[in-house]
Enquirer: 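So that we are looking at the same thing, I have put the structure below in structure tokens.
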2 protein chains.
Amino acid sequence: MSLGGEQFGGRASLTRQISDDIRARILAKEWAPGEKINSEAELAEKYKVSRVTVRTALKTLEYQGLLDIRHGSGTYVNDFGRAIPTGLHELRSMSETIREMGYSPSMEFKVSEIRNASEKEMEKLQLDLPEQVLYLERAVLADGKPVAFSYDTISISSLSEAVVEQMKSGSVFASLDTINSRPIRALAELNAVISKEIGWGPDRPKNDLFLLLEQVHYSGEGDPMMYSKTYFIEGRFQFLILRTR
Amino acid sequence: MSLGGEQFGGRASLTRQISDDIRARILAKEWAPGEKINSEAELAEKYKVSRVTVRTALKTLEYQGLLDIRHGSGTYVNDFGRAIPTGLHELRSMSETIREMGYSPSMEFKVSEIRNASEKEMEKLQLDLPEQVLYLERAVLADGKPVAFSYDTISISSLSEAVVEQMKSGSVFASLDTINSRPIRALAELNAVISKEIGWGPDRPKNDLFLLLEQVHYSGEGDPMMYSKTYFIEGRFQFLILRTR
DNA sequence: GGCTGAAAGTTGTAGGACAACTATTGACTA
DNA sequence: TAGTCAATAGTTGTCCTACAACTTTCAGCC
């Protein structure tokens, strides 16, 4: 059984590798919704790890709403229709999330420039001086149709020019992956917004209604890396949450 | 060290009792934000449980965004300004959430009646026949000020008349607690809504803008118990989410 | 002062054991 | 036959002990 965890230098914990792998297996419909998966003992043997590690991984997936662990009975795949719980708690790139939902993600760049940070950006990114930042305006597409408009400001003082150049037209998270410095945490706020200033193009919603996810991403050292405002077009993107006790 | 877990007949797991207790201690500011809490070994000794149990409890709180567990270093209380992560993933009553945020919760009943279920309600509650349901319209107040309007439909076919009567003017969750049948899961959807039909009174938002949390609550046996639409007044309630990898 | 390496402290993983709970089976009874 | 009940096997929850992996501290040395 090969895991192919650790994508780069930084090695993910064993628990994380297994949790990721089982998550992928669930989303790949290896088990039907409601079906009982292998017992912890079996999984531990297959993955060649201890039961403790498997248990921790399964617990994570239970938190994420994918599994239901029943004492004395077994562990079952949760039934959530066609949609996948959005996982607001898990830090994933938009592209990854869209892909997991079964669509094909893409981006459409509208603005992509390096300029001085505004006052609000300085505050959010904890900059003392108005240094240079990378500013992006993009439409997020699923199967070619816009589902959100994203306004991102990225602190580039500690990034090489090559990486910055890459970000200007590709995925921000993927670029950060190449230097192994993807953010590991984000503090997000959710708001309902109505505004004529947001979005562009023919697929822009006529009622000006958006669900705004405003967040600051932090590096492993706790430094702010990116400040982004993502405006989800109401009705185009399903925010599904499985809540548990 | 007394835990006072199991509030009624149903016994909560050890892990859950400890997780709840530590959560309360964190929210009571027993440790400052950023501060390192006791080691797992210490906690295990204090609570008189194994380290495994403590670890599981801490993992839960880490997932909820309250703690940061660092390998080789220790476990730290997360720093999130004044606000408490809303915990969209944890199933809590509105009152509990508001109380945890440091406000005093209350309810204002507008409608409270028993009537036949509508078609949509029948679908959501999985009823074959249009049986009787309890319908409530309430304003949710924090420190006397409305933060949300809630429209709830409760399946009462399996409830005693006394419990139903209690719900008509008190907390739904508290009433369900008395017979030990609080829902353990909810499937929720989040939307931005603009509507003139929602809410009432002088504190109703003039811009008609709400964040709608529409959800179905399920019992331990998987049966739908309640269908509710809670319209949060945009700007009055902070939906704060800590996202982690 | 600054570097090095040992040591102590903490979380992560292992393995084995038993407790607690669930689901199934089959015997027994009315 | 249908229903009840007890035994049983299977699964998750908790405990114990030990060690690996990592971080922080600090004494000792240059």
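Please read these numbers as outputs of a predicted model, since none were measured by experiment. Every chain is numbered from 1, with letters handed out A, B, ... down the list of sequences.
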Enquirer: Can you list everything that forms a salt bridge (charged side-chain N to carboxylate O under 4.0 Å, His left out) with B:Asp68? Sequence neighbours excluded, please.
Expert: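 Here the qualifying residues are A:Arg185, B:Arg70.
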Enquirer: Considering residues at least two apart in sequence or located in another chain, which fulfil the salt bridge (charged side-chain N to carboxylate O under 4.0 Å, His left out) criterion with A:Glu121?
Expert: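 Scan of A:Glu121 (salt bridge (charged side-chain N to carboxylate O under 4.0 Å, His left out), adjacent residues dropped) gives A:Arg115.
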Enquirer: Residues two or more places apart in sequence or in another chain: which of them pass ring pair (Phe, Tyr, Trp, His ring centres under 6.0 Å) with A:Tyr218?
Expert: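 With sequence neighbours excluded, A:Tyr218 shows a ring pair (Phe, Tyr, Trp, His ring centres under 6.0 Å) to no residue whatsoever.
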Enquirer: Report the residues that fulfil salt bridge (charged side-chain N to carboxylate O under 4.0 Å, His left out) with A:Lys124, sequence neighbours left out, ordered by chain and then residue number.
Expert: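 Residues passing salt bridge (charged side-chain N to carboxylate O under 4.0 Å, His left out) with A:Lys124: none at all.
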Enquirer: Please enumerate all residues that pass salt bridge (charged side-chain N to carboxylate O under 4.0 Å, His left out) together with A:Glu35, with sequence neighbours excluded.
Expert: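 With neighbours one apart ignored, the set is empty.
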Enquirer: Please state how far atom OH in B:Tyr76 lies from atom P in D:dC22, giving the value in whole angstrom units.
Expert: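 Distance check: B:Tyr76 OH to D:dC22 P gives 16 Å.
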Enquirer: How would you summarise protein contacts on nucleotides 6-16 of chain C per nucleotide, using B for base, S for sugar-phosphate only and - for none, with heavy-atom distances below 4.0 Å?
Expert: ---BBBBBB--
